[in-house]
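Here the structure is laid out as structure tokens; the discussion comes afterwards.
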Amino acid sequence: MANPKNQEKSGFSDLRRAARLSIAPMMDWTDRRCRMFHRLLSRETLLYTEMVTAPALVRGGALHLLEFSPEEHPVALQLGGSDPKELAAAAKFGADAGYDEININCGCPSDRVQSGAFGAILMQTPDLVADCVGEMRAAVDVEVTVKCRIGVDEQEPRDILPVFLEKIRDAGCRRVTIHARKAWLKGLSPKENRDIPPLDYDLVHEMKAAFGDMHISINGGIDSLEQAQELLAKGLDGVMIGRAAYHQPVDILSAADPVIFGTGAVISAEQAVRAMLPFIENELQNGARLHQITRHMLGAFAGRPGARQWRRRLSEEANKPGAGPELVESTLNEVIQRAA
């Protein structure tokens with residue numbers, strides 16, 4: 001079972017509330033340094049890790065992939081895998097590390113994920129997913145959730161999605177995030193699968209009406225806080241935002257706490273960047289390179305005066321030997337002066 005001391009660190013017992021707005025798990029993007037910047041913009045939003053494969057943890061012993069800062073709470077671990085026992089063992093590693101939630105990836109369409117028999121291809125085997133949920137829930141005392149598509153390939157979403165949701169609900173999953181697009185496992189690249197299959201928000205609303213006892217979040221094509229508000233107002237329990245939150249983090253997250261959660265105040269890009277400086281200093285002391293952190297901060301001033309200067313200077317200079325927090329601070333000051 002999970003280590004109670006780790007669970008006590010989060011202070012977020014109401015994950016359903018946190019899941020009103022969440023940031024999607026994104027490979028190569030939502031690492032712990034990215035999550036720290038997002039957390040400084042919003043105290044309440046639920047953050048997700050990049051997908052971590054169960055075999056990497058259980059067979060490979062790569063437990064360093066589970067490292068995160070206590071300040072990140074509420075934070076969820078997304079796992080990839082298809083073996084119920086192995087996923088259960090990986091989930092236990094995650095719970096013991098202190099994650100607030102363990103999520104199963106049933107939505108990623110990449111070839112690498114398909115070859116491992118997990119991701120979106122699991123939409124074809126709802127009984128197997130239910131077995132995975134059941135084994136994981138028996139292994140941990142944190143919530144086990146699922147992120148899925150509305151279907152894959154030739155499946156008819158209105159036929160398969162209700163069956164899929166019923167199976168995982170019966171196994172004990174009470175919270176699911178639905179990416180409102182099909183995944184085409186043959187013929188489309190992962191990038192194309194994020195844009196080409198049409199969105200079907202209506203189907204997700206229908207699933208909420210049919211599965212009223214489940215907490216259902218929607219994902220896909222959402223690019224503003226206003227759009228998130230509209231979807232919540234129409235009866236969905238949560239909204240998950242991906243690329244827009246990464247490329248325009250301030251637009252999505254700076255007002256999330258007062259607007260979505262009714263608490264706190266709007267956080268400016270300047271405030272968040274300055275709050276990152278101690279974290280940056282600590283990371284550099286532990287062997288990180290500055291660009292490994294600032295690459296996640298390039299969108300901090302998106303759409304604002306000085307945005308190009310901010311991106312250009314950090315992109316060009318953060319990877320130089322010896323680059324440190326003073327580069328971030330001086331670039332921030334230049335951006336503020338230009339805006340004034």
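As the structure is a prediction and not an experimental result, all values here were calculated from the model. Atoms considered below: every heavy atom in the structure, side chains included; atoms not considered: hydrogens, waters and symmetry mates. If you read the sequence from its start, that first residue is 1, and numbering goes on from there.
One distance of note links OG of S254 with CG of L40; it measures 13.0 Å at 0.5 Å rounding. Separating the CG atom in L332 from the CD atom in Q309 is a distance of 10.5 Å, to the nearest 0.5 Å.
Proximity of the aromatic rings of F68 and H73 is defined here by a centroid distance below 6.0 angstrom, and this criterion is met. Ring centroid separation for the pair H38 and W29 does not come in under the 6.0 Å cut-off.
For the pair K147 and V176, the minimum side-chain heavy-atom distance is 4.5 Å or more. You'll find the side chain of M207 reaches within 4.5 Å of the side chain of L165, heavy atoms only. Contact check for F118 versus D83: no side-chain heavy atoms found under the 4.5 Å cut-off. Using a 4.5 Å cut-off on side-chain heavy atoms (C-beta onward), Y99 and L66 make contact. Using a 4.5 Å heavy-atom cutoff, the side chains of P325 and L284 are in contact. Put simply, the side chain of D31 does not reach to within 4.5 Å of the side chain of M26, judged on heavy atoms. In this structure, R308 and F301 have side chains that are not in contact, with every pair of non-hydrogen atoms separated by 4.5 Å or more. For the pair I121 and V152, the minimum side-chain heavy-atom distance is 4.5 Å or more.
By the 4.0 Å N-to-carboxylate-O rule, D141 lies too far from K92 to be salt-bridged with it. With salt bridges taken as basic N to acidic carboxylate O contacts below 4.0 Å, one links R59 and E86. Salt-bridge check for E283 with R33: passed, with a basic side-chain N closer than 4.0 Å to an acidic carboxylate O. Ion pairing of R137 with E143 is absent here, as no side-chain N (NZ or NE/NH1/NH2) approaches a carboxylate O to less than 4.0 Å. Electrostatic pairing of E71 and R39 does not count as a salt bridge here, judged by no charged N lying under 4.0 Å from a carboxylate O.
One hydrophobic cluster holds both L232 and I178 under the rule that ILVMFWY side chains link at heavy-atom gaps under 4.5 Å. No path of Ile, Leu, Val, Met, Phe, Trp and Tyr side chains, each step under 4.5 Å between heavy atoms, connects I160 with I104, placing them in separate hydrophobic clusters.
A distance-only check finds a donor-acceptor pair linking the side chain of N105 to the backbone of C108 [under 3.5 Å]. With hydrogens and angles disregarded, a donor-acceptor distance shorter than 3.5 Å links the side chain of R149 to the backbone of K182. The main-chain N or O of G299 is never found under 3.5 Å from a side-chain atom of R311 such that the two would form a donor-acceptor pair. Put simply, the side chain of D100 gets close to the backbone of V75: a donor and an acceptor are under 3.5 Å apart. In this structure, D159 contributes its side chain and Q155 its backbone to no donor-acceptor pair below 3.5 Å. Between the T294 side chain and the M297 main chain, no donor and acceptor come within less than 3.5 Å of each other. Looking only at distances, a side-chain donor or acceptor of R174 sits under 3.5 Å from a matching main-chain atom of R169. In this structure, N333 contributes its side chain and E329 its backbone to a donor-acceptor pair below 3.5 Å. Of the possible donor and acceptor atoms, one in the side chain of S224 sits under 3.5 Å from a partner among the backbone N and O of Q227.
When all heavy atoms of I150 and A180 are compared, the closest pair comes out as CG2-CA, 3.8 Å. Counting all heavy atoms, side chain and backbone alike, V142 lies closest to A95 at CG2-CB, 4.1 Å. The shortest heavy-atom contact between D153 and L185 is OD1-N, 2.7 Å. The shortest non-hydrogen separation linking H215 to A19 is CE1-CB, 3.7 Å. Closest heavy-atom contact between F37 and A272: CE1-CB, 3.8 Å. When all heavy atoms are compared, the tightest approach of A24 to Y48 is C-CB, 4.2 Å.
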Item to complete: Apply the test side-chain hydrogen bond (donor to acceptor under 3.5 Å, both in side chains) to residues D257 and T263: give CA-CA distance (whole Å), side-chain angles for both, the deciding distance (0.1 Å), then the verdict.
Response: CA-CA 5 Å; D257 290 0; T263 186; over 6 Å; no
Kindly determine whether T145 and E101 satisfy side-chain hydrogen bond (donor to acceptor under 3.5 Å, both in side chains), including the steps that lead there.
-> CA-CA 7 Å; T145 68; E101 169 197 331; 2.4 Å; yes
### Message
Is there a side chain to side chain contact (heavy atoms under 4.5 Å, CB included) between S315 and R312? Walk through the geometry before answering.
### Response
CA-CA 5 Å; S315 296; R312 183 177 64 246; 5.9 Å; no
Can you give each donor-acceptor pair under 3.5 Å made by side-chain atoms of residues 122-136, sequence neighbours left out, with the distance rounded to 0.1 Å?
unit_1, atom_1, unit_2, atom_2, d
T125, OG1, L122, O, 3.4
D127, OD1, K167, NZ, 3.0
E135, OE1, K85, NZ, 3.4
E135, OE2, K85, NZ, 3.3

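A search for ring-ring contact (aromatic ring centres under 6.0 Å, His included) contacts involving H296 returns Y246, not counting sequence neighbours.
M240 pairs in a side-chain contact (heavy atoms from CB on, under 4.5 Å) with only one of the listed residues (I218, N219, I222), which is N219.
Sorted by first and then second residue, the side chain to side chain donor-acceptor pair (under 3.5 Å) pairs with a member in residues 233-243 read D195-R243, K208-D237; sequence neighbours excluded.
Judged by distance alone, the side chains of R20 and T45 never bring a donor and an acceptor atom under 3.5 Å apart. Side-chain atoms of T30 and E50 form no donor-acceptor pair, as typed in the model, at a separation below 3.5 Å.
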